[in-house]
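Quick note: numbers below take in every heavy atom, side chains included, and nothing from hydrogens, waters or symmetry partners.
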Amino acid sequence: MNWYILIIVGVAAIALIIFLVIRNQKDEIDLKKKLNDDYIKPKHEHIDTEVDRTT
């Protein structure tokens with residue numbers, strides 16, 4: 001009788017761990033997408049890098 005309860009609890013614990021791992025990976029991907037979308041890209045302003053030559 002106790003073996004049936006232990007098996008059921010064990011399977012439920014393994015299922016919970018698998019669910020949490022998959023959910024964590026999905027949340028990590030969503031967070032990366034959100035952070036990349038919220039990042040304000042710097043504007044490329046024209047910077048005069050030409051050096052005056054003296055002769």
Among all residues two or more places apart in sequence or in another chain, which pass the salt bridge (Lys or Arg N to Asp or Glu O under 4.0 Å) test with K33?
none
To the nearest 0.5 Å, atom CG of N24 lies from atom CD1 of I29 at 10.0 Å
Tell me, please, which residues at least two apart from K26 pass side chain to side chain contact (heavy atoms under 4.5 Å, CB included).
R23, D30
Do any pairs count as a salt bridge (charged side-chain N to carboxylate O under 4.0 Å, His left out) and have a residue in residues 1-22, sequence neighbours left out, and if so which ones?
none
Members besides L35 in its Ile/Leu/Val/Met/Phe/Trp/Tyr cluster (side-chain heavy atoms under 4.5 Å)
L31
For L20, what residues pass the side chain to side chain contact (heavy atoms under 4.5 Å, CB included) criterion, not counting sequence neighbours?
L16
Examine V11 and F19 and state if one hydrophobic cluster contains both, with Ile, Leu, Val, Met, Phe, Trp and Tyr joined whenever side-chain heavy atoms are less than 4.5 Å apart.
no
